[in-house]
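Lettering of chains follows the sequences in order, A, B, ..., and the numbering in each one begins at 1.
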Amino acid sequence: MIDLKLLQKDFDASAASLKRKNVDSELINSLKTLSETLKNTKLVYESAQAAQNERSRLFGQYKKEGKSTDELKVEVDAAKAQLVDLLEAQRIAEEALETIAMRVPNFPDSDVPDGEDENDNVELRKVLTPPVFSFTPKEHWELAEQNGWIDFERGVKLAKSRFSVVSGMGARLERALINFMLDFNRERGFMEVSVPMLVNRRALEGTGQLPKFEDDLFKVDGEELFLIPTAEVPLTNLYQDEILNAQDLPIKMTGYTSCFRKEAGSGGRDVRGMIRQHQFHKVELVSITRADQSDGVFDEMVACASDLLAALGLPHRLVTLCTGDLGFGAARTVDLEVWLPGQNAYREISSVSNTRDFQARRAKIRYKEEGKNILAHTLNGSSLAVGRTMVAIMENFQQEDGSIILPTVLQKYL
RNA sequence: GGACAGCUGGCCGAGUGGUCGAAGGCGCACGCCUGGAACGCGUGUAAAGGGCAACCUUUCUAGAGUUCGAAUCUCUAGCUGUCCGCCA
């Protein structure tokens with residue numbers, strides 16, 4: 001959630017900032033109006049309540065002193081009805097504000113480039129040179145089927161479309177990648193954590209998936225539980241509603257989970273192959289930091305993911321997302337796009353975001369510094385999406401006969 | 001699934017109707033002590049919101065109720081623990 005005080009205090013600048021993220025200006029205006037209404041409503045209620053509290057205090061005093069309370073009781077009863085109405089008005093104002101505020105995205109950082117969509121993202125740098133082939137490189141699904149690694153049909157038989165089965169060397173590669181990634185991240189100072197893959201509504205509100213994006217989530221029937229779309233949700237919410245010691249920060253974590261997404265809005269994109277599945281594996285990085293640490297940790301996380309790709313020998317590039325392509329909770333995001341020879345294109349394999357205090361405000365993650373409670377900064381990044389890494393390995397290291405040479409760093413994991 | 005017990009501040013824990021936002025302890029911060037530290041001693045220390053000072057409001061798991069007044073009484077839900085049952 002954005003800082004509503006800031007919106008009040010510096011409305012023009014805040015509104016301009018949100019507009020860069022394509023937030024409807026009517027929404028911004030109503031946010032302002034609603035928070036002002038709430039403030040006024042509260043003021044009225046609170047002074048009425050203060051008067052009532054005083055009368056109740058007197059009541060006790062009169063009883064002790066043996067004075068008559070008859071007159072006071074008439075007063076108290078009269079004020080009571082009014083208080084109920086005022087409280088109800090306040091509740092309505094609160095609800096109205098929250099309904100909107102929880103659906104407003106985060107401010108982008110001021111230095112994030114303006115833009116409409118992914119075409120306006122800005123390339124930071126390229127790492128490693130794409131391989132040159134003496135033959136026409138195949139796309140990964142062809143290679144996967146030829147090598148017997150992935151069985152798309154049987155995945156559909158077991159569940160539905162966008163599910164697949166990985167077997168043989170494919171399954172071993174998947175497991176090797178997960179272990180390699182976790183070890184790599186751990187060596188960079190990220191503590192390994194294993195978390196639930198089902199979470200409650202509160203957790204998803206904390207990181208911003210709810211209330212706005214419920215259609216993208218798989219929900220367990222009859223339970224208030226959802227399958228996680230990313231390990232970012234449980235890892236970040238680990239510290240939900242806690243006040244941390246400043247000296248314990250930054251907390252840097254890595255975790256492996258399966259992720260589940262409905263891919264509701266993805267239309268017919270990437271239906272073939274394993275780029276966009278309902279269930280996929282991902283090793284995630286999450287950090288909780290002090291406000292002054294998050295830029296530094298952000299760079300560490302980007303470097304960690306990029307170095308991981310480099311260690312696997314995978315050519316990739318780093319791009320800064322423009323305002324229009326930025327996610328709901330992100331103030332800034334760097335995407336890592338891996339080179340896919342079969343598609344002759346760079347495709348997203350990791351996304352590292354700094355949400356600043358946006359998630360922390362929702363999830364109430366704070367730290368104590370000089371006696372004050374300060375909202376923490378939370379960051380998340382994939383390191384890496386396992387399925388897409390397999391795709392990249394297949395396409396980049398394919399031979400003319402369709403066989404695949406696996407990266408040497410994985411040898412000890414296979 | 002059944003029975004019983006519990007849920008209080010960063011943590012532990014006292015508190016059974018009226019200055020209780022809550023004793024005490026731990027932790028933490030500052031000061032004294034010390035060559036420096038530990039120990040010891042002293043002081044301070046819940047959160048959110050509003051004025052941004054005094055102060056006011058809200059919060060003792062959540063919701064509803066009783067009452068002039070609820071951490072304290074009643075009901076419901078959730079969670080935790082223990083025992084039993086069931087199943088891996």
How close do A:Arg356 and A:Ala331 get, heavy atom to heavy atom, and via which atoms?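 The pair with the smallest heavy-atom distance is CG-CB, 3.5 Å.
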Applying a 4.0 Å non-hydrogen cut-off, can you work out what [X] is touching in the nucleic acid: base, sugar-phosphate, or nothing?
X: A:Lys80; answer: sugar-phosphate
X: A:Asn245; answer: nothing
X: A:Lys5; answer: sugar-phosphate
X: A:Arg55; answer: nothing

Pairing partner (Watson-Crick or G-U wobble, both distances under 3.5 angstrom) of [N]:
N: B:U61; result: B:A77
N: B:A88; result: none
N: B:G21; result: none
N: B:C83; result: B:G2
N: B:G35; result: none
N: B:G10; result: B:C26
N: B:A53; result: none

For residues 235-245 of chain A, run the donor-acceptor check on the side chains, cut-off 3.5 Å, and write out each pair with its distance to 0.1 Å, sequence neighbours left out.
{"from": "A:Thr236", "atom 1": "OG1", "to": "A:Glu232", "atom 2": "O", "distance (Å)": "2.7"}
{"from": "A:Asn237", "atom 1": "OD1", "to": "A:Gln240", "atom 2": "NE2", "distance (Å)": "3.3"}
{"from": "A:Asn237", "atom 1": "ND2", "to": "A:Ala203", "atom 2": "O", "distance (Å)": "2.7"}
{"from": "A:Asn237", "atom 1": "ND2", "to": "A:Val233", "atom 2": "O", "distance (Å)": "2.9"}

How far, in whole Å, is [M] from [N] if one measures between their [atom1] atoms?
N: B:C7; M: B:C73; atom1: P; answer: 11 Å
N: B:U59; M: B:G21; atom1: C1'; answer: 9 Å
N: B:A88; M: B:U80; atom1: P; answer: 24 Å
N: B:G65; M: B:A70; atom1: C1'; answer: 12 Å
N: B:C84; M: B:C75; atom1: C1'; answer: 27 Å
N: B:U74; M: B:A3; atom1: C1'; answer: 22 Å
N: B:U72; M: B:G6; atom1: P; answer: 14 Å
N: B:C4; M: B:G9; atom1: P; answer: 27 Å

Among A:Arg261, A:Lys282, A:Gln209, side chain to side chain donor-acceptor pair (under 3.5 Å) partner for A:Thr230: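 Among the candidates, only A:Lys282 passes.
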Is the ring centre of A:Phe328 less than 6.0 Å from the ring centre of A:Phe358?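 Distance test on ring centres: under 6.0 Å, yes.
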Salt bridge (charged side-chain N to carboxylate O under 4.0 Å, His left out): pairs with one or both residues in residues 31-40 of chain A, sequence neighbours excluded: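 Residue pairs passing salt bridge (charged side-chain N to carboxylate O under 4.0 Å, His left out), neighbours aside: A:Lys32-A:Glu36.
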Hey, could you give me each pair passing salt bridge (charged side-chain N to carboxylate O under 4.0 Å, His left out) that has a residue in residues 247-256 of chain A? Not counting sequence neighbours.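 Pairs touching residues 247-256 of chain A that pass the test: A:Lys252-A:Glu300.
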On RNA chain B, compare the nucleotides closest to A:Asp77 and A:Gln49; which residue's is nearer the 5' end?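 Final value for this comparison: A:Gln49.
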Pick the closest RNA chain B nucleotide for A:Gly60 and for A:Lys372 by heavy atoms, then say which residue is nearer the 5' end.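 First, find each residue's nearest nucleotide; the 5'-ward one identifies A:Gly60.
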A:Phe298: which residues meet the ring pair (Phe, Tyr, Trp, His ring centres under 6.0 Å) condition with it, sequence neighbours left out?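 Residues passing ring pair (Phe, Tyr, Trp, His ring centres under 6.0 Å) with A:Phe298: none at all.
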List the atom pairs, donor and acceptor, that lie under 3.5 Å between side-chain atoms in residues 173-181 of chain A and the rest of the protein, sequence neighbours left out.
{"from": "A:Glu174", "atom 1": "OE1", "to": "A:His281", "atom 2": "NE2", "distance (Å)": "3.4"}
{"from": "A:Asn179", "atom 1": "ND2", "to": "A:Arg175", "atom 2": "O", "distance (Å)": "3.4"}

Which is the 5'-most and which the 3'-most nucleotide of RNA chain B that has an atom under 4.0 Å from a heavy atom of chain A?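 Footprint of chain A along RNA chain B, 5' to 3': B:G10 to B:G69.
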